[in-house]
Structures are given as structure tokens and as C-alpha cells.
*Asks:* 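Got a structure here, written out as C-alpha cells. Questions coming.
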Amino acid sequence: VFLSSADGAAALGGVSGGHGGPADRTAFQARRHMADLILAGAGTIRAERYGPPPLPEDVRARRAARGQDEVPRIAAVSESLSFDDDEPFLEPAVRPLIIAPATADPVRREKLEGKAELLLMGEGGVDLPGALAELRGRGVEGITCEGGPRLLGSLLEADLVDELGLTIAPSLVAGPATRIAASAREVARSMTLAEVLCADDGYLILRYIRHREVRT
């Protein structure tokens with residue numbers, strides 16, 4: 001689930017919500033209401049001050065009726081485990097997940113083990129395919145990635161993106177902001193535009209799904 005300006009800037013003032021609006025927030029919350037797991041990079045977790053999603057009681061009840069946890073779990077992807085003790089997402093109400101390489105600093109690992117579940121996958125870097133396969137094996141189906149650009153770039157490199165929710169803000173943003181996906185090498189993935197909604201406030205809400213060739 002991503003937001004960009006009309007010229008492709010993924011952030012304003014260092015955060016993605018900088019150029020958000022009511023329509024974008026509605027679409028963003030709708031995705032969260034359905035997700036089993038919210039996946040985000042450590043930089044996004046820190047910059048956006050992530051905490052347990054504040055879901056209304058009626059949404060919690062519907063989730064419980066579907067067999068989901070009342071609140072989606074947050075999973076942070078981090079290579080360094082550099083988190084402050086007061087990070088809101090480490091609150092004990094909903095124990096978060098931190099996905100890190102097995103070679104991550106053991107002192108930081110020990111410090112975080114009492115506040116979060118650590119899923120150690122990969123040597124020297126996070127093994128995203130292995131981590132997502134492990135989560136699928138646990139019955140986690142609806143995984144929503146909320147950024148940032150490096151994480152989406154890594155997911156694209158590993159061919160792990162099945163759907164993209166993109167809101168385009170009615171604004172232009174000059175400056176150093178990256179696109180919604182960033183990686184060291186160029187990666188192209190074909191997607192099919194499945195839904196388009198133009199909100200009254202000028203925001204364009206798009207849903208793309210993985211393009212699959214039909215073989216005859």
C-alpha cells in the first residue's frame with residue numbers, strides 16, 4: 001500500500017503521509033482492516049512512529065468473526081536491529097515480529113527478545129522469500145507491505161509482489177524523495193490495472209494485480 005505525488009515522490013517532509021488526504025487515509029485503513037500482517041521496513045517504522053493499529057470495535061468484531069486476530073500484527077524488517085526502547089510498535093499489547101538476518105548483532109537480539117518475536121532468516125541480509133514462506137506456513141495469508149521504497153524494491157527483486165495498492169496525490173513534489181520502489185538493480189514486473197477510483201478530493205486510488213500470461 002503506497003502513496004505518491006503525481007510526479008512520483010514517495011514522501012513529503014520525510015514521511016509518506018506528508019501528502020496524504022482523507023481519501024488516501026480511508027483506502028489505507030481499509031487495507032489494514034483486512035490484513036493478517038502489516039510488513040514495513042525499519043526506517044519506515046521509525047520515521048512514521050508505528051504502533052499497534054487503532055481499529056474500531058466493529059472492525060475488530062468482524063475480524064474475529066472471520067477467524068483473524070482482532071488487530072493485525074506488525075512485522076518490521078531490519079538488518080541491524082537498531083530500535084530505540086520507546087518505539088511505539090514494541091508496546092506489549094500486540095507482540096510484534098522483527099525479521100532480521102541470523103547474523104544480526106547478538107546483543108541487540110537479546111535486548112529485543114523480551115519485546116518482540118524475532119524471525120531470523122538469512123546470512124548477512126534478510127532472506128525475504130524464506131521469511132514469507134515461514135509466515136505462510138504459519139497460516140498468515142494477508143500480508144500488507146506499507147513501505148518503504150527499499151523494502152518494496154527488495155520484494156520486487158524477489159518476485160514477491162502479487163498486488164499493489166497505489167494512491168496518487170493531486171500534488172507535485174520537487175526534491176530528493178525517491179519513488180515508491182528502490183533497488184540497486186533495475187527490475188521490471190508486469191502488473192494489470194484491476195480497479196480505479198477517483199475521489200472527490202482529487203486523489204486517484206489504484207489497485208494493480210500481478211500480470212499472469214494465459215497459456216494456450
*Asks:* Could you state the interatomic distance from CD (E157) to OG (S183), rounded to the nearest 0.5 Å?
*Replies:*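 E157 CD to S183 OG: 4.5 Å, rounded to 0.5 Å.
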*Asks:* Does the side chain of E141 reach to within under 4.5 Å of the side chain of R136, using non-hydrogen atoms?
*Replies:*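 Yes, side chains in contact.
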*Asks:* Okay, side chain of R150, backbone of A181: is any donor-acceptor separation there less than 3.5 Å?
*Replies:*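 Not confirmed, R150 side chain does not pair with A181 backbone.
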*Asks:* Would L151 end up clustered with F89 when hydrophobic side chains under 4.5 Å apart are linked, directly or stepwise?
*Replies:*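 No, no single cluster joins them.
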*Asks:* Less than 4.0 Å between a side-chain N and a carboxylate O, is that true for E87 and K115?
*Replies:*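 Salt bridge between K115 and E87, a charged N being under 4.0 Å from a carboxylate O: no.
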*Asks:* Answer with yes or no whether the hydrophobic clustering places L112 together with V107; edges join I, L, V, M, F, W, Y residues whose side-chain heavy atoms lie under 4.5 Å apart.
*Replies:*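 They do not share one cluster, since no chain of ILVMFWY contacts under 4.5 Å joins L112 to V107.
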*Asks:* Looking only at non-hydrogen atoms, find the nearest pair between A199 and A23 and report the distance.
*Replies:*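 Heavy atoms only, the tightest pair is CB-CB, 3.4 Å.
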*Asks:* Following the transitive rule for hydrophobic clusters with a side-chain heavy-atom cut-off under 4.5 Å over Ile, Leu, Val, Met, Phe, Trp and Tyr, establish whether L135 and L120 coincide in one cluster.
*Replies:*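 No: no chain of side-chain contacts under 4.5 Å links L135 to L120.
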*Asks:* Mark yes or no for whether S4, through its side chain, and A9, through its backbone, hold a donor-acceptor pair below 3.5 Å.
*Replies:*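 No; zero donor-acceptor contacts below 3.5 Å.
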*Asks:* Within the 4.5 Å heavy-atom criterion, are I143 and D36 side-chain neighbours or not?
*Replies:*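 Counting from C-beta outward, I143 and D36 never come under 4.5 Å.
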*Asks:* State whether R138 and E117 are salt-bridged, where the test is any N-O pair (Lys NZ or Arg NE/NH1/NH2 against Asp/Glu carboxylate O) under 4.0 Å.
*Replies:*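 Salt bridge between R138 and E117, a charged N being under 4.0 Å from a carboxylate O: yes.
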*Asks:* Residues two or more places apart in sequence or in another chain: which of them pass side-chain hydrogen bond (donor to acceptor under 3.5 Å, both in side chains) with D7?
*Replies:*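 S5.
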*Asks:* Can you check side-chain contact (heavy atoms from CB on, under 4.5 Å) on D162 and I209, steps first, answer last?
*Replies:* CA-CA 6 Å; D162 292 321; I209 57 175; over 6 Å; no
*Asks:* Under 3.5 Å, is there a donor-acceptor pair between the side chain of T44 and the main chain of G148?
*Replies:*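 Yes.
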*Asks:* Are V161 and V126 connected into the same hydrophobic cluster when the rule is that any two of I, L, V, M, F, W, Y join if their side-chain heavy atoms are below 4.5 Å apart?
*Replies:*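 V126 and V161: one cluster.
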*Asks:* Nearest 0.5 Å, please: how far is CG in L160 from CG in L39?
*Replies:*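 Nearest 0.5 Å value for the CG-CG distance: 10.0 Å.
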*Asks:* Are the side chains of L206 and T167 in touch, meaning some heavy atoms are under 4.5 Å apart?
*Replies:*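 When only atoms from C-beta onward are counted, T167 and L206 do not touch, as no gap falls below 4.5 Å.
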*Asks:* With rounding to the nearest 0.5 angstrom, report the CD to CD1 distance, E146 to I38.
*Replies:*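 These two atoms lie 4.5 Å from each other.
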*Asks:* Would you call R189 and D159 a salt bridge, using N to O less than 4.0 angstrom?
*Replies:*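 Counted as a salt bridge, because a side-chain N and a carboxylate O are separated by less than 4.0 Å.
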*Asks:* Are the side chain of R31 and the backbone N or O of V1 linked by a donor-acceptor pair below 3.5 Å?
*Replies:*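 Flag not set: sc R31 to bb V1 has no pair under 3.5 Å.
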*Asks:* Side-chain contact, heavy-atom cut-off 4.5 Å: L164 with I180?
*Replies:*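 They are in side-chain contact.
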*Asks:* Heavy atoms, side chains only, cut-off 4.5 Å: are T144 and R32 in contact?
*Replies:*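 Contact flag for T144/R32 side chains = no.
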*Asks:* Testing the basics here: between A47 and G14, what is the closest heavy-atom pair and its distance to 0.1 Å?
*Replies:*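 Nearest pair, atom of A47 first, then G14: CB-O, 4.4 Å.
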*Asks:* Judged by atom type as modelled, is there a donor-acceptor pair below 3.5 Å linking the side chain of R179 to the main-chain atoms of G8?
*Replies:*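 Side chain of R179 to backbone of G8, a donor-acceptor pair under 3.5 Å: no, none is there.
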*Asks:* Less than 4.0 Å between a side-chain N and a carboxylate O, is that true for R207 and E163?
*Replies:*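 Between R207 and E163 there is a salt bridge, with a charged N closer than 4.0 Å to a carboxylate O.
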*Asks:* Could you go through L119 and E134, starting from their C-alpha distance and side-chain angles, then the distance that decides it, and tell me whether this counts as side-chain contact (heavy atoms from CB on, under 4.5 Å)?
*Replies:* CA-CA 9 Å; L119 178 58; E134 169 66 21; 3.9 Å; yes
*Asks:* Is there a donor-acceptor pair under 3.5 Å between the side chain of D84 and the backbone N or O of D86?
*Replies:*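 Judged by distance alone, no pair lies under 3.5 Å.
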*Asks:* Do you know which two heavy atoms are closest between A104 and E79, and how far apart they sit?
*Replies:*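 Minimum heavy-atom contact is CB-O, 4.1 Å.
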*Asks:* For F83, does the six-membered ring have the charged nitrogen or CZ of R109 within the cation-pi criterion, i.e. under 6.0 angstrom from the centroid and within 45° of the normal?
*Replies:*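 No, a cation-pi geometry is absent between R109 and F83.
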*Asks:* If you apply the rule side-chain contact (heavy atoms from CB on, under 4.5 Å), what do you find for D85 with K111, and how did you get there?
*Replies:* CA-CA 9 Å; D85 291 337; K111 181 180 177 181; 2.8 Å; yes
*Asks:* May I ask you to decide if R60's main-chain N or O and Q68's side chain share a donor-acceptor pair within less than 3.5 Å?
*Replies:*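 Pair absent, no side-chain N/O of Q68 close to backbone of R60.
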*Asks:* Closer than 3.5 angstrom, by distance alone: can the side chain of Y50 be matched with the main-chain N or O of I74 as a donor-acceptor pair?
*Replies:*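 A pair under 3.5 Å: no.
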*Asks:* Looking at D58, I want to see if its CG is surrounded by more than 12 non-hydrogen atoms of other residues, nucleotides or ligands under 6.0 Å.
*Replies:*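 Check passes, neighbour count above 12.
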*Asks:* Hey, does S16 have a side-chain heavy atom less than 4.5 Å from the side chain of F2?
*Replies:*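 In short, these two side chains do not touch, never coming nearer than 4.5 Å.
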*Asks:* So, taking the atom named NE2 in H33 and the one named CZ in R62, what distance separates them when rounded to the nearest 0.5 Å?
*Replies:*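 If I round to the nearest 0.5 Å, the distance is 8.0 Å.
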*Asks:* Quick one: does D127's side chain have a donor or acceptor within less than 3.5 Å of a partner on G122's backbone?
*Replies:*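 Such a contact is absent between D127 side chain and G122 backbone.
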*Asks:* Looking at CD1 of I168 and CD1 of I205, how far apart are the two atoms once the value is rounded to the nearest 0.5 Å?
*Replies:*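 If we round to the nearest 0.5 Å, I168:CD1 and I205:CD1 are 10.5 Å apart.
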*Asks:* Are I98 and L81 close enough that some pair of their side-chain heavy atoms sits under 4.5 Å apart?
*Replies:*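 Touching, per the 4.5 Å side-chain cut-off.
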*Asks:* What heavy-atom pair brings A11 and V173 nearest, and what distance separates the two atoms?
*Replies:*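 Looking at all heavy atoms of both residues, the shortest contact is O-CG1, 4.1 Å.
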*Asks:* Decide yes or no for I99 and S78: does some side-chain heavy atom of the first lie under 4.5 Å from some side-chain heavy atom of the second?
*Replies:*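 Heavy-atom side-chain distance check fails, nothing below 4.5 Å.
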*Asks:* Linking I/L/V/M/F/W/Y whenever their side-chain heavy atoms sit closer than 4.5 Å, directly or via other members, would L193 and L152 fall into one cluster?
*Replies:*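 Linked, L193 and L152 end up in one cluster.
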*Asks:* Checking side-chain contact (heavy atoms from CB on, under 4.5 Å) for the pair L166/L3: CA distance, chi angles, key distance, verdict?
*Replies:* CA-CA 6 Å; L166 174 64; L3 169 67; over 6 Å; no
*Asks:* Determine the minimum heavy-atom distance between T103 and E123, stating which atoms define it.
*Replies:*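 That closest heavy-atom pairing would be CG2-OE1, 3.0 Å.
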